2 protein chains.
Amino acid sequence: MGSSKEYIEKLRKSGLRPTKQRINICEALFDAEKTFHFTITDLVKIIETKANQKISLATVYNTIHAFQKKGYLKEIAINSSQAYFDTNTTDHHHFFDEKSKELIDLKDEDVHPIKIKKNIPGKKIKSVEVLVRLDSEN
Amino acid sequence: MGSSKEYIEKLRKSGLRPTKQRINICEALFDAEKTFHFTITDLVKIIETKANQKISLATVYNTIHAFQKKGYLKEIAINSSQAYFDTNTTDHHHFFDEKSKELIDLKDEDVHPIKIKKNIPGKKIKSVEVLVRLDSEN
DNA sequence: ACTACAGTTTAGAATCGTTATAAATTATAA
DNA sequence: TTATAATTTATAACGATTCTAAACTGTAGT
Ligand SMILES: [Mn+2]
Ligand SMILES: [Mn+2]
Ligand SMILES: [Zn+2]
Ligand SMILES: [Zn+2]
């Protein structure tokens with residue numbers, strides 16, 4: 001979708017210099033027609049395949065963290081062994097398939113609205129996330 | 001609460017030999033009047049203080065995993081940097097205080113019942129967990 | 001365009017939580 | 001009491017992530 005020009009602008013507006021690595025990462029993340037979930041190693045593979053160019057792991061970590069801070073990505077907590085990221089930054093919930101290790105978005109209409117009736121003095125709610133773990137039937 | 005005898009019995013019934021290490025772990029976990037949340041390093045400190053006895057990290061990991069498999073503990077997914085465990089094995093939801101890194105149980109009446117309207121063929125729901133992240137106000 | 005400089009990338013080291021290994025110790029069935 | 005399998009332990013290995021510091025690059029100012 002996005003042209004390289006768009007990403008250059010997006011990066012500049014975010015106070016990030018538009019390097020070829022960052023543009024490659026943008027293309028891997030934001031060219032897709034649909035939003036998707038990924039781990040860092042997933043993403044390295046996507047970039048190196050799509051851009052046919054090596055990229056340092058450190059650069060991918062740096063850029064993903066920068067994008068997360070800017071709100072271009074969300075992190076989804078699944079387990080303590082790996083970080084999962086999401087290019088869908090809207091509030092939404094997830095299925096997690098324990099067998100395939102795959103995350104699936106739930107649409108708003110798939111989950112009753114969640115109402116939290118308790119509040120902690122001095123604290124405010126930052127996010128409410130539902131994780132539905134799936135098992136193979138039988 | 002529990003006497004050493006009870007734990008010995010519990011362990012035996014679970015097919016686990018009642019070693020002094022496992023009994024110490026049981027006391028640390030199940031003597032408390034209330035259920036609680038902990039990380040492995042938390043637990044090592046609790047055991048070594050309470051039992052005034054050194055215990056190997058490997059033994060703690062082994063035993064926690066054995067207890068988890070038996071259903072005596074639950075693991076709560078908060079982030080990818082550390083595993084959190086819960087001595088409350090009932091279905092329930094959590095607040096997570098991002099500042100203090102503390103987990104707080106939500107009671108059933110604090111959260112509207114959650115109804116998932118989507119289903120994935122061949123898969124069944126194993127668990128539905130809500131995590132409410134808290135920030136300091138202002 | 002040239003320069004200077006801060007920002008960025010990089011390979012590799014370090015760190016941290018966790019898991020594996022293999023030898024010593026211990027619980028228990030016979 | 002003895003034999004055996006289970007358990008504990010110190011320590012090594014591991015994998016994900018972060019750090020480091022040197023090389024490289026984008027850009028503001030000339
Ligand atoms: Mn785990
Ligand atoms: Mn993180
Ligand atoms: Zn998602
Ligand atoms: Zn809990």
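Bear in mind that the values here come from a model prediction, so they are computed numbers and not experimental data. All values below were derived from every heavy atom in this structure, side-chain atoms included, with hydrogens, water molecules and symmetry-related copies excluded. Chain letters run A, B, ... following the sequence lines, proteins first and then strands; every chain starts at 1.
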Under the rule for side-chain contact (heavy atoms from CB on, under 4.5 Å), what residues qualify as partners of [X], not counting sequence neighbours?
{"X": "A:Ser100", "value": "A:Asp97, A:Glu102"}
{"X": "B:Ile104", "value": "A:Lys118, A:Ile120, B:Phe95"}
{"X": "A:Phe36", "value": "A:Leu29, A:Ala32, A:Phe38, A:Ile46, A:Thr87"}
{"X": "A:Ser81", "value": "A:Asn79"}

In whole angstrom, give the distance that lies between atom [atom1] of [X] and atom [atom2] of [N].
{"X": "A:Gln82", "N": "D:dC14", "atom1": "CD", "atom2": "P", "answer": "17 Å"}
{"X": "A:Glu9", "N": "D:dG26", "atom1": "CD", "atom2": "P", "answer": "18 Å"}
{"X": "B:Arg22", "N": "D:dA6", "atom1": "CZ", "atom2": "C1'", "answer": "8 Å"}
{"X": "A:Tyr61", "N": "D:dT18", "atom1": "OH", "atom2": "C1'", "answer": "9 Å"}
{"X": "B:Asn62", "N": "C:dG17", "atom1": "CG", "atom2": "C1'", "answer": "15 Å"}
{"X": "A:Ile64", "N": "C:dT9", "atom1": "CD1", "atom2": "C1'", "answer": "15 Å"}
{"X": "A:Glu75", "N": "D:dA16", "atom1": "CD", "atom2": "C1'", "answer": "12 Å"}
{"X": "B:Ile40", "N": "C:dT19", "atom1": "CD1", "atom2": "P", "answer": "9 Å"}

Using the six-membered ring wherever Trp is involved, compare the ring planes of A:His37 and A:His92 and label them parallel, tilted or perpendicular (cut-offs 30° and 60°). tilted

Residues touching DNA chain D, which here means a heavy atom under 4.0 Å, drawn from residues 10-20 of chain B: B:Leu16, B:Arg17, B:Thr19

Of all of residues 42-57 of chain A, which get a heavy atom below 4.0 angstrom from DNA chain D, listed by number? A:Leu57

Looking at five pairs on each end of the helix from C:dA1-D:dT30 to C:dA30-D:dT1, what is the angle between the two axes, given to 10 degrees? 30°

Sequence neighbours left out, what passes salt bridge (charged side-chain N to carboxylate O under 4.0 Å, His left out) with [X]? Give chain and number order.
{"X": "B:Lys10", "result": "none"}
{"X": "B:Lys101", "result": "none"}
{"X": "B:Asp105", "result": "none"}
{"X": "B:Lys50", "result": "B:Asp31"}

Closest approach to the side chain of B:Gln21, judged atom by atom: which nucleotide of C:dT9, D:dT8, C:dT19 is it? D:dT8

Return the set of residues passing side-chain hydrogen bond (donor to acceptor under 3.5 Å, both in side chains) with A:Thr49 (not counting sequence neighbours), or none when no residue passes. none

So what does B:Thr41 hit on the nucleic acid, given a heavy-atom distance under 4.0 Å: a base, only sugar-phosphate, or nothing? nothing

D:dT18, OP1 or OP2 - any side-chain N/O from A:His65 closer than 4.0 Å? yes

Given B:Asp86 and B:Leu103, is the side chain to side chain contact (heavy atoms under 4.5 Å, CB included) satisfied, shown in steps? CA-CA 9 Å; B:Asp86 197 338; B:Leu103 273 169; 6.0 Å; no

